[in-house]
Protein chains: 4
Amino acid sequence: MNKKESIRNHAIKVIAREGFYRAKVKDIAEEAGIAAGTVYLYFSSKEDILDYIFLVEHQRRADFVNRLYIKNTPIDIVIESFIKFNYDCFREEPETANVLYRELITVSSLKNQKSKSVMGEVYKSFYKILKQEKENGKIREDIDIEVMSPLIINFLRNSSYNILAQYKSVDYEHMKENLKRLVLHGIMK
Amino acid sequence: MNKKESIRNHAIKVIAREGFYRAKVKDIAEEAGIAAGTVYLYFSSKEDILDYIFLVEHQRRADFVNRLYIKNTPIDIVIESFIKFNYDCFREEPETANVLYRELITVSSLKNQKSKSVMGEVYKSFYKILKQEKENGKIREDIDIEVMSPLIINFLRNSSYNILAQYKSVDYEHMKENLKRLVLHGIMK
Amino acid sequence: MNKKESIRNHAIKVIAREGFYRAKVKDIAEEAGIAAGTVYLYFSSKEDILDYIFLVEHQRRADFVNRLYIKNTPIDIVIESFIKFNYDCFREEPETANVLYRELITVSSLKNQKSKSVMGEVYKSFYKILKQEKENGKIREDIDIEVMSPLIINFLRNSSYNILAQYKSVDYEHMKENLKRLVLHGIMK
Amino acid sequence: MNKKESIRNHAIKVIAREGFYRAKVKDIAEEAGIAAGTVYLYFSSKEDILDYIFLVEHQRRADFVNRLYIKNTPIDIVIESFIKFNYDCFREEPETANVLYRELITVSSLKNQKSKSVMGEVYKSFYKILKQEKENGKIREDIDIEVMSPLIINFLRNSSYNILAQYKSVDYEHMKENLKRLVLHGIMK
DNA sequence: GATGAATGAGCGTTCATTCAT
DNA sequence: GATGAATGAACGCTCATTCAT
């Protein structure tokens with residue numbers, strides 16, 4: 001078993017529960033069934049663990065959106081898929097959602113250059129999809145896709161999280177449908 | 001001079017610069033030109049300062065949206081005004097924007113009940129505006145306004161922050177216009 | 001009304017409740033219905049208040065024992081009276097008893113020279129009584145009264161406190177009688 | 001080398017010198033040749049150290065008196081031995097004596113339940129010895145041993161401390177003899 | 001004399017990180 | 001590689017004392 005991945009996974013649990021600053025390296029280690037010192041064989045610092053969590057999650061999104069782009073997926077399917085992707089991620093691993101949503105901003109001031117640049121890839125791929133569709137005449141002319149693409153991506157990810165975090169018993173399909181409609185009507189002709 | 005307000009203002013500066021957990025009470029006091037102990041004459045703890053910052057800002061938004069509701073403002077003007085309001089707030093006090101955006105989530109897990117309930121008022125007023133306009137036949141039937149109103153409010157606030165934080169030299173009017181269009185097309189007939 | 005005495009009396013209450021180090025000057029002042037700063041018009045420091053409390057109480061005991069000495073009171077009556085005196089003091093003002101018993105030792109390391117010297121007077125008077133009675137042939141020859149007089153005085157005072165503190169519903173007369181007997185049989189022929 | 005015991009021993013020194021509230025954890029650690037943080041690997045708080053000091057000392061006395069009881073030791077030997085035991089303890093470790101005598105009361109208001117219950121054992125064993133001897137007809141009928149046993153135990157311990165603390169150059173054997181005589185004459189037929 | 005807001009030294013405790021084993 | 005005891009810098013908070021009003 002890969003120990004670095006094990007630490008990442010258990011760190012997500014602890015950080016989701018306590019928040020990054022309250023989370024103790026000792027607790028993460030304990031949760032992972034190793035000694036505190038061992039963590040430092042795989043990560044240079046506590047912050048480094050968080051960076052790595054972001055990196056992996058951003059990479060997953062970058063890969064996902066990039067794959068949609070390569071396959072020439074039409075914009076309505078892209079929006080729908082990305083909503084579904086985030087929903088599924090967050091429902092399957094609620095702790096990861098928590099960490100992504102809560103700590104992302106706090107740490108954006110940190111030095112996680114690598115994680116940042118990967119997030120940039122997500123924006124870029126989504127932008128390319130929008131550009132293609134604008135050329136196809138599907139997107140309204142008065143929408144500046146360069147400016148809006150990161151805002152929309154963030155909106156979709158945050159809303160997915162918000163819905164799952166706020167509403168306990170609700171028709172999720174209904175909400176996903178609403179979210180998709182709002183964005184599609186917002187940008188399409 | 002109101003010392004509690006002075007502490008709030010200088011705390012915003014320090015917390016914006018360092019983040020809440022890195023910000024030292026001593027630094028906040030120093031920035032405000034008082035002794036560290038004096039802070040505790042006005043706040044019961046460091047966390048209490050943050051709560052108060054949120055409370056004041058949320059109250060401003062609650063008042064703003066509520067006033068629009070009372071005046072029966074049409075939805076397109078509401079969206080436009082709220083975008084402008086956030087823009088202006090964030091441009092005038094970028095540090096406040098930083099704190100609101102970065103720390104809001106981190107601390108949402110804390111016990112800031114008062115601040116939370118005030119934020120709830122924002123949602124409620126905005127929901128009432130949307131409800132009115134739906135009855136007026138301006139909102140598309142397939143939009144569930146109960147679900148979407150908090151998502152839209154957050155979208156507008158976060159996007160305002162994102163744009164100001166990301167783009168240094170840009171045509172802000174153009175971006176505000178884009179944001180408004182996306183949301184209006186997204187929800188209106 | 002004498003403000004210094006008022007502070008002394010209310011300080012006794014607070015110190016009895018919290019212990020000297022936990023007792024706050026502010027609480028003492030509040031209890032006495034004055035401002036914290038006012039305390040420092042009558043006492044030079046928090047410790048100074050405690051010194052004064054001791055001084056007053058020791059003086060009362062010194063006066064009491066000295067009066068017995070002057071009146072040529074026989075030893076059995078002295079013992080009995082001193083037990084009764086302590087009992088009555090402690091029953092009437094249990095807080096004072098608490099402070100005397102608990103803080104006396106802690107602070108014996110402090111610089112309360114005046115209070116100490118007054119306590120010395122108690123020992124001296126009691127010693128003179130014992131000496132008189134030894135010359136009268138009432139005290140056993142093998143008792144070194146110089147050594148034993150302070151021990152006995154402390155024993156009587158501490159035991160009074162202990163009994164009142166430990167036993168809630170008990171025949172106090174029976175216990176006082178026991179205490180008196182033990183000491184009298186211990187020292188008399 | 002047992003580090004917990006080392007901390008206990010050095011804490012006794014510092015607390016004896018400064019008093020509990022003046023003693024700094026840092027000083028205790030420094031005295032013990034370790035870092036301040038290390039103290040918290042063995043004790044949960046500063047107060048916890050004091051509790052442990054009491055526990056150990058009370059246990060020693062409890063064991064001592066209990067052993068005398070088991071061996072059916074006659075009362076005069078018990079008194080003599082207990083005086084000697086306290087003398088020796090206090091002469092060998094004057095700091096321990098100081099702490100026991102000075103802080104015992106201050107902290108008796110704290111939550112040191114364990115330490116308290118151990119002290120109760122001392123009273124109980126001594127009471128059983130007295131009861132035995134009363135049945136043997138050695139103790140005067142008019143002495144209520146249930147009431148007097150804790151008072152006597154405290155008297156012996158406190159007096160040992162007082163003598164050692166007050167008198168620098170004195171015939172200690174003479175004083176111990178005096179103390180023993182007083183108590184024995186006080187209670188025996 | 002009386003106030004009480006302001007001070008700031010001081011301290012208990014935490015916890016990321018190290019390193020000898 | 002793995003451990004976990006030890007470290008010690010760091011920080012939130014307290015409260016005796018002062019002093020301008």
Side-chain angles (χ1 to χ4, degrees), chain A residues 3-4 7 18 20-30 32-50, chain B residues 1-4 6-7 18 20-30 32-49, chain C residues 3-4 7 18 20-30 32-50, chain D residues 1-4 6-7 18 20-30 32-49:
Chain A
K3 202 162 277 191
K4 185 168 186 176
I7 294 172
E18 313 279 352
F20 179 69
Y21 282 96
R22 290 197 211 287
K24 297 174 212 167
V25 173
K26 205 174 223 172
D27 291 345
I28 293 172
E30 200 166 278
I34 58 176
T38 308
V39 171
Y40 289 84
L41 297 175
Y42 299 93
F43 296 94
S44 68
S45 71
K46 186 182 163 189
E47 233 168 54
D48 195 29
I49 305 175
L50 193 57
Chain B
M1 171 220 43
N2 188 330
K3 202 161 280 191
K4 184 168 186 177
S6 166
I7 294 172
E18 313 278 355
F20 179 70
Y21 282 97
R22 289 197 213 289
K24 295 172 221 165
V25 173
K26 218 172 217 171
D27 290 346
I28 293 172
E30 204 166 275
I34 57 175
T38 308
V39 170
Y40 291 86
L41 296 178
Y42 300 92
F43 297 94
S44 67
S45 70
K46 186 183 162 189
E47 229 167 60
D48 195 30
I49 305 174
Chain C
K3 203 162 279 192
K4 185 168 185 176
I7 294 173
E18 313 279 353
F20 179 69
Y21 282 96
R22 290 197 212 288
K24 296 173 212 167
V25 173
K26 206 173 222 172
D27 290 347
I28 293 172
E30 200 166 279
I34 58 175
T38 308
V39 171
Y40 289 84
L41 297 175
Y42 300 93
F43 295 94
S44 68
S45 70
K46 186 181 162 189
E47 234 167 53
D48 194 30
I49 305 174
L50 193 57
Chain D
M1 172 220 43
N2 188 329
K3 202 160 279 192
K4 185 168 186 177
S6 166
I7 294 172
E18 314 279 354
F20 179 70
Y21 284 97
R22 289 198 212 289
K24 295 172 220 164
V25 173
K26 217 171 217 173
D27 290 346
I28 293 172
E30 203 166 276
I34 58 176
T38 308
V39 170
Y40 290 86
L41 296 177
Y42 299 93
F43 297 94
S44 67
S45 69
K46 187 182 163 190
E47 228 167 61
D48 194 30
I49 305 174

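None of the values given here were measured: they were computed from a predicted structure. Keep in mind that the numbers below use all heavy atoms, side chains included, and drop hydrogens, waters and symmetry copies.
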Report task. Considering non-hydrogen atoms only, spot the tightest contact between A/D48 and A/F43 and give its length. Result -> OD2-CA, 3.6 Å
Query raised in the report: What's the shortest heavy-atom distance between A/V39 and A/A29, and which atoms?
Result: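 Of all heavy-atom pairs spanning A/V39 and A/A29, the closest is CG2-CB, 4.0 Å.
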Requested in this report: Hey, could you give me the OG/CD1 distance between B/S6 and B/I28, rounded to the nearest 0.5 Å?
Outcome: 11.5 Å
Requested in this report: Please round to the nearest 0.5 Å and tell me the distance separating atom CD1 of A/I49 and atom NZ of A/K4.
Outcome: 10.0 Å
**Report entry** Helical stems, DNA chain F - three or more consecutive Watson-Crick or G-U wobble pairs below 3.5 Å
**Finding:** E:2-21 with F:2-21
Rounded distance in Å - [atom1] ([X]) to [atom2] ([N]):
X	N	atom1	atom2	result
B/N2	E/dA5	CG	P	13 Å
D/F43	E/dT14	CZ	P	15 Å
A/E30	F/dA5	CD	P	12 Å
B/E18	F/dA10	CD	C1'	14 Å
B/D48	F/dT14	CG	P	12 Å
C/I34	E/dT3	CD1	P	7 Å

Query raised in the report: Of D/L41 and A/Y42, whose nearest nucleotide on DNA chain F comes first from the 5' end?
Result: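 So the residue in question is A/Y42.
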Query raised in the report: When you measure from the centre of the six-membered ring of B/Y42, is the NZ or CZ of B/K3 under 6.0 Å away and within 45° of the axis?
Result: no
**Report entry** Aromatic B/Y40 / basic B/K46 pairing, under 6.0 angstrom, 45° off normal
**Finding:** no
Query raised in the report: Is any NZ, NE, NH1 or NH2 atom of the basic residue among C/K26 and C/E18 found under 4.0 Å from an Asp or Glu carboxylate oxygen of the other?
Result: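 No, this pair does not count.
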Query raised in the report: Would you say a side-chain N or O of C/K3 is under 4.0 Å from OP1 or OP2 of E/dG1?
Result: no
Report task. Indicate yes or no: at least one non-hydrogen side-chain atom of C/T38 is less than 4.5 angstrom from one of C/I7. Result ->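 A side-chain contact under 4.5 Å is absent here.
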Report task. Sugar-phosphate means primed atoms, P, OP1 and OP2; the rest is base. With that split, encode nucleotides 15-21 of chain F 5' to 3' as B, S or - using protein heavy atoms under 4.0 Å. Result -> SSBB---
**Report entry** Donor-acceptor pair, side chain of C/D27 and main chain of C/A23, under 3.5 angstrom
**Finding:** no
